[in-house]
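Everything on this sheet refers to the single structure shown next.
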Amino acid sequence: MLWFTKYPVENLLILSSAVFCFGIYTIVTRKNAVSILMGVELVLNSVNLNFITFSQFVDNAGISGNMVAIFVIVLAAAEASVALAIILGIYQNFGRVDVDKLTSLRN
Amino acid sequence: MSLNEILLNIIFYALALTGLFSSFMVATSTNMVRTAFSLLGVLFSFAGLYGLLRADFLFAAQILVYVGGILVLIIFAIMLTHKIANVNLSNESTSSSTVIAVVCILFAVLVFIALTLPEYIKINQRNKPLTEMIGNNLLSDSLLPFEILSVLLLACLIGAVYLARKEVKE
Amino acid sequence: MKEFIEHLYNELEFLEGLPFIIPFIIGSFILAFIIINFIAVFAGVCTYIERKVAARIQARVGPYMVGPHGILQWLADALKLLFKEDTVPEKADKLLFKLAPFIVFAGSFACWVALPLAPAFSPARLNIGILYIIAFGSSVILGILMAGWASSSKWALFGAMRSAAQIVSYEVPTGLTILAMLLITGTLDMHNTIAQINLDGTISGGQSQGLPFPLNYFSTNADNFSAGMFSWYIFRYPPFTFIAFIIIYICALAETNRVPFDIPEAESELVSGYHTEYSGMRFSFFFLSEYANMFVFSAIITTLFLGGWLPPFNITGSLLAPACGIILYMLVKGKTTDPANRFIAFCTGAGIGIFLGVLSGDKNYWFADYLGIQSLRFIEGLFWFFTKSFGLVILMMWLRWTIPRYRVDQLMELCWKKLTPLAFINLFCIGILEWLYK
Amino acid sequence: MLLDFGVLLLYIVIACGFLTAALVAGRIIRPNKPYKDKLTTYECGEDTIGTSFIQFNVRFYVIALIFLIFEVEIVLLFPWAVVYKNVGLIALIEMGVFILILLAGFAYVWSQKDLEWVKSEIETEKEHGTNL
């Protein structure tokens, strides 16, 4: 059995890689731009979990991973605010937010 | 195994299953708003895991910024870009067996890496509360990234507000 | 809580073989059960008091039929809600509609975990106490948005969006003000915030501080002086901490959607906001969490500003205050029939009593110390904590009938153009003062 | 510390349990006679009109956006506030720089009138160049 208290790092890494894969799947398959952004949030969260896990079990001071995780959270906030503003702009101009239909910049 | 360990295991697996199920719903739900509220489940379960890993400041920051901020922003954006009074907001996805296969391979590789990691050290014992250590670190080692963050946030604020406002006037 | 159970665990012999975790879980469970029932009763009694206060202000009688002076009205209301049919609109998203009360109620109930209820006693001591409370307080927004959207009613959706925008906006000045107070307290742990105040006006742990600038005039010799309520954080840097108190109180009103900030459920335009479609028990839980939130905010303000569980005046004062009050009340009673005048007379008498207590130089603040029974401090602290918090809640009810409702643009202007800049200035000033007087 | 987080979890579970118990108790004793008219959306007795579209104002988004940036800033300032007493002047200066940079953004937003909920009609006309 893969008990958490016996193999904490492995358990957490498997969990975070599963969430990472769900995030990638969301990004690849969704048509809606807001949904894609949610996929990105999933990926960022799984990465954060990895950082904190390693910070807890590998780093002696137990702080660097936490610092990186904080910066990731701040960057996620920044990224989400700008991305959603762009999506809103697209919606105002084209009336839709499906990424596969927005091909007017292609040529 | 002692009682404490059993409880820890139960809590971890409960949180992990919540997170997995919610992220599965984020990936596959056909209803836009339900997708967003599934993301809420992921965020809460991850916050719980941070708590389990003794990262208390991250626990609070996750809930405060992600749940109270980013998710609210996402829901507002959904409300602004959809015909919201319609309950069944569709959230289409194009899934093919190729995509699923590639993602499964990716997962297999990641699990393989996770299981073949070298033996790791025990849980480290911090001698100070985490928040205090982070505060000291922000004022010494990571001072430069910290100040750069403020410039980034400034750029974000101005840029995003400009983008959002431009559309109002047209 | 942990210390308390540890103490019991060591004292009681029949617990010997048991692992510590079992009594701990049982104890926490009992406490949680007590608190949850307290919230239910508190919300009920609050509705009764609110109606009575409203009636008094509008020169009516208020609820009068159920029980003497209508005192059982809230029980009747609760029973009525239990017997009401629980409708779920046909067009609603059933799952989210049923899930929303859980999120709102669990979010507001979880805030109670970190409240310091009495000396050396709070349900759990989190290192990040205050940050944790504002984090969980903000998760209520999600529940409101969920309720508003799932109802698929225009009123509910409008109310939810407005409510979310309002709560979100007022979180900025709240956060900045709490930051300013953190500069003074220097700890996120709600319990330590109070525990480090000494009644002679110093803060223990870290550097020992004397009283700040205007008050240090009195405390040239700290041994002879006992600050009492002047040791609370609200009196630390006088003009600025007062301003901080006012800002955070206004924000508390706005974040709990109380009048004058009840735009989300402005009944004249939005029926009743995000819970328009809810009925019966589900509605009552929204109601319950609203009152629980009022109390949580009052408790935060009490902890950060009003000294939490600390008694405000010494024993001479606390004996003289009611005595002088009653004497003055008796003197006035024959000459006036207006209850307001009698109340003013009582308050004046109490004030005189407190003043005499301060003059007496008595340095005993706890009856527990005076009587030599240390465990009595628990009950005394509990009493003071709940009295102060409840006083702030009553003030919220009073304001409801005094101030007219704000328009939505006035609301946003007040938050972003007045409170936020003021909170920033306040943060800077307290920062500088804290550096100067450290 | 884990114990305290455990208490938090316990409280959340108990809140949900209490709500479920109350709902179940209600289910047993309350009447349940739904019919079509009762289950319609509440719209002051009228039939529901226009379910398709309610366009919310972008201002909701702008407010949430400004909030998010400030919220992030506040979260970053919490660790600073905790160590402020031990570090002193340097902390004050560094944080002054941090806050002032963000205040520039606040000033920009203010000057562009994004903080105003309802722009007066005259101003809107000016921006659109219409002259009614």
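So you know, we letter chains A, B, ... as the sequences are listed, proteins then strands, and number each from 1. All figures in this text were calculated on a predicted structure; none of them were measured in a lab.
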Contact leader toward chain D among [options], where contacts are heavy-atom pairs under 4.5 Å:
options	result
C:I103, C:N127, C:L126, C:I21	C:L126
C:F136, C:Y132, C:W112, C:F33	C:Y132
C:L131, C:I130, C:I25	C:L131
C:E413, C:R125, C:M281	C:R125

Please report the interatomic distance [atom1]([X]) to [atom2]([Y]), rounded to the nearest 0.5 Å.
X	Y	atom1	atom2	answer
D:T20	C:F102	OG1	CZ	3.5 Å
C:S138	D:F67	OG	CZ	6.5 Å
C:L176	D:I74	CG	CD1	4.0 Å
C:I128	D:F5	CD1	CZ	4.5 Å
D:D4	C:S28	CG	OG	9.0 Å

Side chain, backbone, both or neither of [X] within contact of chain D (heavy atoms, under 4.5 Å):
X	result
C:N37	side chain
C:S284	neither
C:I178	side chain
C:F20	side chain
C:L81	neither
C:D86	both
C:I39	neither
C:K417	both
C:F424	side chain

Could you tell me if the side chain of [Y] sits less than 4.5 Å from the side chain of [X], heavy atoms only?
X	Y	value
C:L188	D:V82	yes
D:L77	C:L182	no
C:W416	D:V109	no
D:Y11	C:I35	yes
D:F106	C:P421	yes
D:L89	C:W435	yes

How far apart are the closest heavy atoms of [X] and [Y], and which atoms are they?
X	Y	result
C:F29	D:L10	N-CD2, 3.8 Å
D:A81	C:L179	CB-CD2, 3.7 Å
D:I12	C:A110	CG1-CB, 4.0 Å
D:A15	C:I36	CA-CD1, 4.0 Å

task: Step through the shown structure and confirm whether more than 12 heavy atoms of other residues, nucleotides or ligands are within 6.0 Å of CD1 on D:I90.
output: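 Open.
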With a 4.5 angstrom heavy-atom cut-off, is it the side chain or the backbone of [X] that approaches chain C, or both, or neither?
X	value
D:L68	neither
D:F60	side chain
D:L92	side chain

field: D:I99 vs C:L427, side-chain contact (heavy atoms from CB on, under 4.5 Å): CA-CA, chis, key distance, verdict
entry: CA-CA 10 Å; D:I99 293 176; C:L427 178 65; 3.9 Å; yes
From CA spacing to verdict: side-chain contact (heavy atoms from CB on, under 4.5 Å), C:I134, D:F78: CA-CA 12 Å; C:I134 55 175; D:F78 266 96; 3.9 Å; yes
- request: Could you tell me which of D:G6, D:G26, D:C16 has the largest number of non-hydrogen atom pairs under 4.5 Å with chain C?
  value: D:C16
Closest-packed option against chain C by number of heavy-atom pairs under 4.5 Å, given D:L19, D:V83, D:I63, D:I29: D:L19
Geometric class of the D:F18/C:F285 ring pair [parallel <30°, tilted 30-60°, perpendicular >60°]: perpendicular
- prompt: For the side chain of D:Y84 and the backbone of C:G431, is there at least one donor-acceptor N/O pair under 3.5 Å apart?
  reply: yes
message: Donor-acceptor check, side chain of D:K85 to backbone of C:I184, threshold 3.5 angstrom: yes or no?
response: yes
